[in-house]
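Along the sequence shown, residues are numbered consecutively beginning with 1.
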Amino acid sequence: MATTACFIIVSRNDIPIYEAEVGVAAKREDAAQLHQFILHAALDIVQDLAWTTSAMYLKSVDRFNELMVSVYVTAGHTRLMLLHDSRNDDGIKSFFQEVHELYIKTLLNPLYLPGSRITSSHFDTKVRALARKYL
């Protein structure tokens with residue numbers, strides 16, 4: 001598993017609908033805010049790249065010191081963003097594909113309002129298990 005990994009799902013309206021620190025606990029107390037800042041700063045780059053390619057997995061789109069931002073854009077323009085310090089491209093791609101499938105299952109739930117925060121403990125548990133498996 002990556003020593004630093006922060007995962008976020010951002011809706012097409014740039015509203016974060018799910019966030020999780022999936023790596024080993026950070027040493028700095030402001031690390032969570034720093035990770036959010038880096039991921040949100042990368043949204044502009046993702047916005048530009050998403051319209052220039054038909055690929056869903058955009059690989060590493062931004063970098064901050066030793067941290068990299070990898071992005072997966074769904075057909076509905078929801079962005080799955082991962083801040084990490086590892087170079088496991090195949091594992092990251094597999095992680096994104098599995099989480100995308102899990103996200104689609106959540107969207108199919110008639111009780112879930114698309115664009116609202118995902119508060120399901122089942123979803124959170126599955127994402128963390130996928131992070132342990134692939135990252």
The reported gap from NZ in Lys126 to CD in Glu98 (rounded to nearest 0.5 angstrom) is 9.0 Å
query = Can the ring centroids of Phe7 and Phe95 be said to lie less than 6.0 angstrom from one another?
reply = yes
dist Glu19:CD -> Gln36:CD (nearest 0.5 Å) comes out at 4.5 Å
Step by step, work out the side chain to side chain contact (heavy atoms under 4.5 Å, CB included) result for Leu82 and Tyr72. CA-CA 9 Å; Leu82 180 69; Tyr72 185 94; over 6 Å; no
inquiry  = Does Ile17 form a side chain to side chain contact (heavy atoms under 4.5 Å, CB included) with Tyr103? I'd like the steps, not just the answer.
reply    = CA-CA 11 Å; Ile17 58 175; Tyr103 175 67; 3.8 Å; yes
Side chain proximity check, Leu67 to His35, heavy atoms < 4.5 angstrom:
yes
So CG of Leu49 and CG of Asp62: to nearest 0.5 Å the spacing works out to 10.0 Å
Open item on the list: Taking atom CG as the centre, does Asp90 end up with more than 12 heavy-atom neighbours from other residues, nucleotides or ligands that are less than 6.0 angstrom away?
Closed with: no
Separation between CZ (Phe37) and CG (Leu39), nearest 0.5 Å, reads 11.0 Å
>> Using a 3.5 Å distance criterion without hydrogens, assess whether the side chain of Asn88 forms a donor-acceptor pair with backbone atoms of Tyr134.
In response: yes
Can you tell if the side chain of Met81 reaches within under 4.5 Å of the side chain of Val46, non-hydrogen atoms only? yes
query: Between Met68 and Asp85, does a side chain to side chain contact (heavy atoms under 4.5 Å, CB included) hold up when you go through it step by step?
result: CA-CA 6 Å; Met68 294 172 278; Asp85 59 2; 5.8 Å; no
To the nearest 0.5 Å, atom OG of Ser70 lies from atom NZ of Lys93 at 12.0 Å
dist Leu130:CG -> Glu101:CD (nearest 0.5 Å) comes out at 9.5 Å
Applying side chain to side chain donor-acceptor pair (under 3.5 Å) to Asp124 and not counting sequence neighbours gives Tyr18, Arg128
The side-chain contact (heavy atoms from CB on, under 4.5 Å) partner of Leu80 among Ile8, Val10, Val99, Val73 is Val99
Residue set satisfying side-chain contact (heavy atoms from CB on, under 4.5 Å) with Asn13, at least two apart, ordered chain then number -> Ser11, Ile15
Evaluate side chain to side chain contact (heavy atoms under 4.5 Å, CB included) for Leu34 paired with Phe64, printing each intermediate quantity in order. CA-CA 10 Å; Leu34 177 64; Phe64 180 79; 4.2 Å; yes
Check whether Arg79 reaches the backbone of Gln47 with its side chain - one donor and one acceptor, N or O, closer than 3.5 Å.
no
The side-chain contact (heavy atoms from CB on, under 4.5 Å) partners of Ala55 (sequence neighbours excluded) come to Thr53
*For Ser116 and Tyr112, indicate whether the former's side chain and the latter's backbone hold a donor-acceptor pair under 3.5 Å.*
no
Check: Is there a donor-acceptor contact under 3.5 Å linking the side chains of His100 and Thr74?
Finding: no
Side-chain heavy-atom pair Tyr57, Val71 within 4.5 angstrom cut-off:
no
Crowding at CZ, Arg12 (>12 non-hydrogen neighbours, <6.0 Å): no
